[in-house]
Amino acid sequence: MQKRISIMSNSGGVGKTTLAVNLAYQLSRLGKTVALFGCDPNGSLTLFCGLDDPPDDQTLDVVLRPDFKGSYPLFPAWPDRVKDVDCCLGGLVLSKTAIRLVNETRGEYLLADKLEDYPLPHDVLIFDCPGTIEQLHTIALAASTPAILTIKPEDKDVDALAKLIEWFYEKRDALRLKPTPEILGLVPNGFKDRAMHRDNLGTGSDPKRVSLYDIMDHLGINVFPVIKDQAHIANAGANGLPLGIFRPGEGVNAIYTQIAKTISEEN
């Protein structure tokens with residue numbers, strides 16, 4: 001069964017695209033074929049995959065139009081290194097797409113409908129969602145099997161995460177999605193050894209402080225290993241590569257591999 005994974009947050013700059021790209025690469029190393037969908041108007045996926053900005057008629061906007069007939073605008077990622085990762089890119093045009101979807105018949109289900117009518121052969125689809133909850137977030141949710149959330153352990157991001165989780169369950173139930181998507185796990189990203197981050201991860205000086213782990217445990221949501229802030233991850237993205245290609249010896253690649261294996265094994 002095809003896996004469709006939404007990478008979600010309710011904050012910008014928390015590493016959604018970085019996570020999506022590195023998971024795609026590690027899944028390909030596990031023998032999976034992957035299609036990345038850029039659902040974000042800022043188009044970060046284009047940069048992180050080393051691709052050129054596409055014209056509007058070669059973006060996800062085309063897929064979400066009533067006259068779409070199954071010709072997905074897919075671009076191969078890192079074709080000299082990887083054979084099985086394709087990209088359907090986003091871009092600024094998606095800001096207009098989000099507005100148009102509000103008035104579309106079955107607008108919230110449109111991506112799911114297209115994927116059902118014109119299925120892709122890939123083992124895994126990864127939706128790189130925007131950094132705020134809006135219509136493009138909703139269409140990704142409606143098309144997902146599970147979702148993965150990512151967060152920096154900042155106070156404001158913890159608050160935003162709580163709102164995202166509440167929205168996820170309420171929207172999922174309101175849309176009456178079958179099968180019902182779940183949250184596969186939370187990825188704490190960009191950890192720096194400072195008081196706020198330590199406190200939010202439960203390693204600070206106040207043993208009574210409620211940590212992210214306490215909250216996720218209460219909700220029954222898995223927490224993946226913490227990804228520390230490091231320049232190599234940012235430099236890999238700036239060079240249009242996953243870390244596994246840019247610096248294959250970095251230890252954090254093992255975390256991306258662990259998450260990829262969890263996706264592969266998820267029922």
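Computed from heavy atoms alone, side chains included, the values below leave out hydrogens, waters and symmetry copies. The chain is numbered in sequence order, starting from 1.
The hydrophobic clustering, which links ILVMFWY residues whose side-chain heavy atoms are closer than 4.5 Å, places Ile148 and Phe168 apart. The hydrophobic cluster containing Phe127 does not contain Leu184, counting ILVMFWY residues as joined when their side-chain heavy atoms lie under 4.5 angstrom apart, directly or transitively. Tyr72 and Leu101 fall within the same hydrophobic cluster, defined by Ile, Leu, Val, Met, Phe, Trp and Tyr side-chain heavy atoms under 4.5 Å apart, directly or through other members. No path of Ile, Leu, Val, Met, Phe, Trp and Tyr side chains, each step under 4.5 Å between heavy atoms, connects Val187 with Tyr213, placing them in separate hydrophobic clusters.
Heavy-atom contacts from other residues, nucleotides or ligands closer than 6.0 Å to CG of Asp52 number 12 or fewer. Crowding of Arg29 atom CZ: a count of heavy atoms from other residues, nucleotides or ligands under 6.0 Å not exceeding 12.
With respect to Glu104 and Arg100, a salt bridge is recorded, a charged nitrogen being found less than 4.0 Å from a carboxylate O. Salt bridge absent: Lys3 and Asp123 never bring a charged side-chain N and a carboxylate O closer than 4.0 Å. The pair Lys163-Glu166 does not meet the salt-bridge criterion, since no charged nitrogen lies less than 4.0 angstrom from a carboxylate oxygen.
Ring geometry for Phe191 versus His197: interplanar angle of 30 to 60°, hence tilted.
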Side-chain donor/acceptor pairs under 3.5 Å, residues 80-96, sequence neighbours excluded:
residue : atom : partner : partner atom : Å
Asp86   : OD2  : His122  : NE2          : 2.9
Ser95   : OG   : Leu92   : O            : 3.4

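In this structure, Arg176 has no side-chain contact (heavy atoms from CB on, under 4.5 Å) partners at least two apart in sequence or on a different chain.
Taking the side chain as every heavy atom from C-beta outward, Thr138 and Lys171 approach each other to under 4.5 Å. With contacts defined as side-chain heavy-atom distances shorter than 4.5 Å, the pair Met8/Trp167 qualifies. Side chains of Pro188 and Leu201 form a contact here, defined as non-hydrogen atoms less than 4.5 Å apart.
Rounded to the nearest 0.5 Å, atoms CG (Leu243) and OH (Tyr256) are 6.5 Å apart. Put simply, CG on Asn10 and SG on Cys129 are 11.5 Å apart, with the number rounded to the nearest 0.5 Å.
In this structure, Tyr118 has its ring center closer than 6.0 angstrom to the ring center of Phe68.
Side-chain contact check for Asp56 and Thr59: no donor-acceptor pair (N or O, by modelled atom type) lies under 3.5 Å. Using a 3.5 Å distance cut-off with no hydrogens or angles, the side chains of Arg209 and Asn200 do pair a donor with an acceptor. A donor-acceptor contact under 3.5 angstrom links the side chains of Asp157 and Ser11, judged on distance only.
Closest of all the heavy-atom pairs between Leu36 and Cys49 is CD1-SG, 4.0 Å.
The ring pair (Phe, Tyr, Trp, His ring centres under 6.0 Å) pairs that include a residue from residues 215-251 number zero, where partners must be two or more places apart or lie in different chains.
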